[in-house]
Amino acid sequence: MTHPTLTPPSALQQIPAGHLNIMGYVNESEVNGPGCRAVVWVQGCLLECPGCFNPASWFFEENQLVLVDELVERILANPRNQGVTFSGGEPFWQAPALANLAAKVKAAGLNVMSFTGFTLEALRSPAAPSRCPSPARSARPVD
Ligand code: SF4
């Protein structure tokens, strides 16, 4: 059975290749995971959880488009960063671009963690966001 929240929002198709649509970015945080880390809040979430502290992150329309490589540079330019946290919004709707970012910062020795509103079962299902047909303009294989 397909979970209704696994239907890809059409606005994802407007994200240019190699970019993320984010709500915000913090270059140094000590309250979003272990140690000192960069935090990427992606834009867009369908779950509408009661009590969500970040409802401004729900819409999928373009907010801040950033190049993945530019974000990687900013993260690695700060020697205090031990890792990167993905939050949102729902990171897994932009999984291919975040996986690309994760691979690059991990290669530089940083660790990566992600918040998500999906269950592990949903993420492992054939209809999981990262397995959905790639958005036309943002399709890029995960390294
Ligand atoms: S999954 Fe997170 S961002 Fe989405 S509605 Fe729930 S708490 Fe808010």
Side-chain angles (χ1 to χ4, degrees), residues 1-78 80-106 108 110-143:
M1 189 175 77
T2 302
H3 192 285
T5 59
L6 296 183
T7 304
S10 59
L12 288 171
Q13 297 177 11
Q14 304 307 315
I15 302 174
H19 287 70
L20 282 160
N21 183 23
I22 66 169
M23 184 190 177
Y25 169 78
V26 166
N27 194 31
E28 212 178 280
S29 168
E30 296 187 358
V31 294
N32 285 279
C36 183
R37 38 206 311 118
V39 187
V40 180
W41 284 272
V42 300
Q43 187 66 50
C45 182
L46 294 173
L47 294 186
E48 301 184 10
C49 301
C52 172
F53 75 100
N54 210 3
S57 72
W58 290 359
F59 68 90
F60 280 84
E61 283 68 33
E62 181 179 323
N63 188 35
Q64 292 180 54
L65 286 179
V66 290
L67 269 169
V68 169
D69 288 344
E70 197 179 297
L71 216 41
V72 169
E73 270 180 41
R74 286 166 70 179
I75 292 166
L76 298 182
N78 184 346
R80 291 202 66 219
N81 281 332
Q82 301 164 276
V84 184
T85 296
F86 301 150
S87 189
E90 173 50 60
F92 281 83
W93 282 119
Q94 296 186 62
L98 287 176
N100 184 18
L101 187 154
K104 288 175 175 172
V105 299
K106 284 182 81 173
L110 274 63
N111 60 66
V112 176
M113 62 172 280
S114 182
F115 288 95
T116 182
F118 286 114
T119 62
L120 187 58
E121 181 189 18
L123 290 174
R124 284 176 169 165
S125 79
S130 60
R131 297 182 189 181
C132 289
S134 302
R137 296 173 60 210
S138 63
R140 218 165 103 162
V142 177
D143 292 335

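Start at 1 and go down the list; that is how both ligands and their atoms are numbered.
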Practice item. Might you point out which heavy atoms bring N21 and E62 nearest each other, and give the distance in Å? Key: ND2-CA, 3.6 Å

Review point. How many angstroms lie between atom CG of L71 and atom OH of Y25, to the nearest 0.5 angstrom?
Key: 5.5 Å

Exercise for review: Rounded to the nearest 0.5 Å, what's the gap from CG on L98 to CZ on F92? Could you check?
Suggested key: 8.5 Å

Check your understanding: Between I75 and A38, which heavy-atom pair has the shortest distance, and what is it?
Key -> CG1-CB, 3.8 Å

**Study point:** Numbering as shown, the atoms of ligand 1 that approach W58 to under 4.0 Å (heavy-atom distance)
**Key:** 5 (S), 8 (Fe)

Revision key, fill the gap. Minimal heavy-atom distance between A122 and A128, with the atoms involved, is O-CB, 3.4 Å

Point to revise | Any F115 heavy atom less than 4.0 Å from ligand 1 | key: no

Study note, to complete from the structure: Nearest non-hydrogen protein atom to atom 1 (S) of ligand 1, with distance, is C45 SG, 3.6 Å

Check your understanding: Side chain, backbone, both or neither: which part of F53 has a heavy atom under 4.0 Å from ligand 1?
Key -> neither

Revision key, fill the gap. At under 4.0 Å between heavy atoms, what of E48 touches ligand 1? The answer is backbone

**Study point:** Atom indices of ligand 1 within 4.0 angstrom of G89 heavy atoms, with elements
**Key:** 3 (S)

Review point. Out of V66, D69, L65, V68, which one pairs with H19 under the side-chain contact (heavy atoms from CB on, under 4.5 Å) rule?
Key: L65

Check your understanding: Would you say C49 reaches atom 6 (Fe) of ligand 1 with an N/O/S atom under 2.8 Å?
Key -> yes

Exercise for review: For atom 8 (Fe) of ligand 1, find the nearest protein heavy atom and state the residue, atom name and distance (0.1 Å precision).
Suggested key: C52 SG, 2.3 Å

**Study point:** Sub-6.0 Å ring centroid separation between F118 and W93
**Key:** yes

Review point. Hey, is atom 3 (S) of ligand 1 touched by any protein heavy atom at less than 4.0 Å?
Key: yes

